[in-house]
Chemist: 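Sharing a structure below in structure tokens format, with a few things to ask.
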Amino acid sequence: MGEPDRRGSAPRVAAVPEATPARLTVSPLPRRAGLRAAGEVDLVTRATWTRALERAVHEGEDVFHLELAAVTFVDVAGVGVLAETVRRLPPGRRIVLHQPPSALSRILQMFWPGLPGIEVSPS
């Protein structure tokens, strides 16, 4: 805490800069159906993540690619949005995850093991 000023009033408190909110950027892939995501998937960015995954449901391609190499964090609820999106895909369609964060793969295995319609690519 700060020191009281010489007049005996309340102590001064130094201003603390606010934390920068987590960001998530999503862009279309240039040569195939899908998206590239970068940043964090959490409470702050969940709406962006949800809207992005809606494209997988509405695009007519059999395979929708998600390049996730630049995603640094995904919370359990974000993985839940992904799992729910996969469940809503028409039969025969799937989402392929490319270079997902290890936590995303672990959470899928823990809470949604064997979920059909999702594939984790080794590349």
Chemist: Quick check: does any side chain N or O of Trp49 sit under 3.5 Å from a backbone N or O of Gly78, one acting as donor and the other as acceptor?
Modeler: yes
Chemist: Going only through I, L, V, M, F, W and Y residues with side-chain contacts under 4.5 Å, is there a path from Val96 to Val79?
Modeler: no
Chemist: Donor-acceptor pair, distance only, cut-off 3.5 Å: does the side chain of Arg93 make one with the backbone of Ala56?
Modeler: yes
Chemist: Kindly indicate whether the side chain of Leu24, heavy atoms from C-beta on, has any atom under 4.5 Å from the side chain of Arg46.
Modeler: no
Chemist: Under 4.5 Å between side-chain heavy atoms, counting indirect links through other Ile/Leu/Val/Met/Phe/Trp/Tyr residues: same cluster for Phe111 and Leu108 or not?
Modeler: yes
Chemist: So how far is it from Leu68 CG to Leu82 CG, rounded to the nearest 0.5 Å?
Modeler: 8.0 Å
Chemist: Once you round to the nearest 0.5 Å, how far does CG of Leu35 lie from CZ of Phe64?
Modeler: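 One gets 3.5 Å once the value is rounded to the nearest 0.5 Å.
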Chemist: Is there a side-chain contact between Val74 and Ile107 (heavy atoms, below 4.5 Å)?
Modeler: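 They are not in side-chain contact.
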Chemist: Below 4.0 angstrom, N of the basic side chain to O of the carboxylate: do Glu61 and Arg55 qualify?
Modeler: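 Salt bridge absent between Glu61 and Arg55.
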Chemist: Going by side-chain hydrogen bond (donor to acceptor under 3.5 Å, both in side chains), name the residues that satisfy it together with Glu119, two or more places apart in sequence or in a different chain.
Modeler: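 Partners of Glu119 by the side-chain hydrogen bond (donor to acceptor under 3.5 Å, both in side chains) criterion, ordered by chain and then number, come out as Arg94.
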Chemist: Between Pro116 and Val86, which heavy-atom pair has the shortest distance, and what is it?
Modeler: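 Residues Pro116 and Val86, closest heavy atoms: O-CG1, 3.2 Å.
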Chemist: Between Gly34 and Glu59, what is the shortest heavy-atom contact and its length?
Modeler: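 In terms of heavy atoms, the two residues are closest at N-OE1, 4.4 Å.
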Chemist: What I want to find out is whether Arg51 reaches Glu54 closely enough, with some N-O distance under 4.0 Å, to be called a salt bridge.
Modeler: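 Looking at Arg51 and Glu54, the cut-off is not met.
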Chemist: For the residue pair Ser102 and Arg106, confirm or rule out a side-chain donor-acceptor distance under 3.5 Å.
Modeler: yes
Chemist: Does Thr45 use its side chain to pair, donor to acceptor, with the backbone of Glu40 at less than 3.5 Å?
Modeler: yes
Chemist: Honestly curious: do Val76 and Phe73 fall in one hydrophobic cluster under the side-chain, below-4.5 Å linking rule?
Modeler: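 As far as the 4.5 Å side-chain criterion goes, Phe73 and Val76 are not connected within one cluster.
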Chemist: Which atom names give the shortest non-hydrogen contact between Val57 and Leu89, and what distance separates them?
Modeler: CA-CD2, 4.0 Å
Chemist: A side-chain contact here means heavy atoms from C-beta on lying under 4.5 Å apart; do Leu104 and Val71 qualify?
Modeler: no
Chemist: For Ser105 versus Pro100, what's the shortest heavy-atom pair and its separation?
Modeler: OG-CG, 3.6 Å
Chemist: Could you state the interatomic distance from CD1 (Ile118) to CG (Leu97), rounded to the nearest 0.5 Å?
Modeler: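 Interatomic distance, Ile118 CD1 to Leu97 CG, rounded to 0.5 Å: 4.0 Å.
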Chemist: In the single-linkage hydrophobic clustering (I, L, V, M, F, W, Y; side-chain heavy atoms under 4.5 Å), do Leu115 and Ile95 co-cluster?
Modeler: yes
Chemist: Report the residues that fulfil side-chain hydrogen bond (donor to acceptor under 3.5 Å, both in side chains) with Arg36, sequence neighbours left out, ordered by chain and then residue number.
Modeler: Glu67
